[in-house]
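Written out below as structure tokens is the structure these notes cover.
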Amino acid sequence: MSAPSGDVAERAAAGFTDQYGGQATGRWAAPGRVNLIGEHTDYNDGFVLPFALPMRTVVAADRQDDERWTVWSELSDETISFGADDVAEPGRVTGWGAYVAGVVWALREAGHVVPGARLAIASDVPLGSGLSSSAALESAVLAALLDLGGLDLAPERQPRLAQRAENVYVGAPTGIMDQSAVIRCRAGYALFLDCRDESVEQIPFDLDAAGLAVLVIDSRAPHRHADGEYAARRRSCEAGAKALGVAALRDVTVDQLDSALARLDDEETRRRVRHVVTEDQRVLDTVALLRAGRVRDIGPLLTASHVSMRDDFEITVPEIDTAVEAALSAGALGARMTGGGFGGCVLALVETDRVEAVAAAVTAAYAERGFTAPTTVPVLPAPGATRLH
Ligand code: GLA
């Protein structure tokens, strides 16, 4: 998880001045996220419990009079520019610029008059690690354009718009979790989101007070076929819901699970359905424990979630399973893959004084198996998207 040196907000502001001269009107930040529990439940109208990371993407920007958007990013040290024609329909801007153009497109499609702008982007959110660098980018750009244009879009409606940018303009069939987390999370809390009606409850997640830490372990595993496999999991879930005659798998409760499974012919669909139904229940159980202040007791639920992703949803890879097993052997209270799967990150709930031992155990297990060394960082729940002052 290495990042360029210097504060990310300062890098965005300095990048703006280098590229365009003068000072940006403002800076807007949006974080990456980890999902504490509730994986592949969002597109099944279910429950998720993410929290925002301290790593952020920052956009420094000013408004321009013409309908043109010029964007520099420190990640590729490249400047792109697009006009109204390019955001008339999806697909014209590609690469990382599509996430920016997609937000302009989605705002215009929703009837907003989007101001032209010059933007400079810096980020500490690692790319391709499953920590929602794309939602962070979309949400920081959205915050900037809303403010610069004086546009009125209530915070609870912003995630859908950013998701539309990603689903339709970029073309990735993701659910509503990432943008909701990045926009709606608060420091010190996990966000309990009902993905059916998008209602939220901020759940206190005070790791410090409990003497605990969440260690995020980047597996460094290459994302193998992640996009195609993600879409395949969605299709299986939709097929399961259809066969069971429900609008979404969220409508099947754990009590109904055995009889639901007995009605499915296909063994693979049965496993996919079992993951989603039990995972929704694990989110509810985790929320109940956190509401009762029993943070350390959520460990077994995290690990059960991992086992379900590994055996039933089949979205883990050897590097990920190795990290979970090594963390648990070294005393983690619970550990699981977080995010879409096929690589990305593992989170482990650990006693504060075991953080280094757990990180060392994972690193040693990787070395033994000849995997690329993982990176590890302890994190606390950070704020969602905001304007910086
Ligand atoms: C990715 C997607 C989310 C969600 C997770 C799995 O992060 O972007 O919408 O489906 O995978 O929980």
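One-based numbering, in listed order, for ligands and for the atoms of each.
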When only distance counts, is Gly175 in polar contact with ligand 1, meaning an N/O pair under 3.5 Å? yes
How far is atom 9 (O) of ligand 1 from the closest protein heavy atom, and which atom is that? Asp42 OD2, 2.5 Å
How are the rings of His40 and Phe313 set to each other: parallel, tilted or perpendicular (split at 30° and 60°)? tilted
Do Phe192 and Phe51 make the cut of ring centroids closer than 6.0 angstrom? no
Using a 4.0 Å cut-off to any heavy atom of Tyr43, which atoms of ligand 1 qualify? 10 (O)
Other residues, nucleotides, ligands: >12 heavy atoms within 6.0 Å of Asp265 CG: no
Atom 11 (O) of ligand 1 [closest protein heavy-atom partner, distance rounded to 0.1 Å]: Gly340 CA, 3.2 Å
Which of the ligand 1 atoms, numbered from 1, are nearer than 4.0 Å to a heavy atom of Met177: 4 (C), 5 (C), 12 (O)
Within-cut-off N or O pair, Thr174 and ligand 1, under 3.5 Å: no
For atom 10 (O) of ligand 1, what is the closest protein heavy atom, and at what distance to 0.1 Å? Tyr230 OH, 2.6 Å
Taking ring pair (Phe, Tyr, Trp, His ring centres under 6.0 Å) as the cut-off, I'd like each qualifying pair that reaches into residues 115-148, sequence neighbours left out, listed once. none
Could you measure the distance from the OG1 atom of Thr286 to the CD atom of Gln281? Nearest 0.5 Å is fine. 9.5 Å
Mind checking whether His40 has an N or O less than 3.5 Å away from an N or O of ligand 1? yes
Closer than 4.0 angstrom: is that true for some heavy atom of Asp178 and an atom of ligand 1? yes
Give me each pair satisfying salt bridge (Lys or Arg N to Asp or Glu O under 4.0 Å) with a member in residues 369-389, each pair once, sequence neighbours excluded. Asp147-Arg387
Heavy-atom count check: over 12 atoms from other residues, nucleotides or ligands less than 6.0 Å from Glu356 CD? no
With atoms numbered from 1 as shown, which atoms in ligand 1 lie under 4.0 angstrom from a non-hydrogen atom of Arg33? 7 (O)
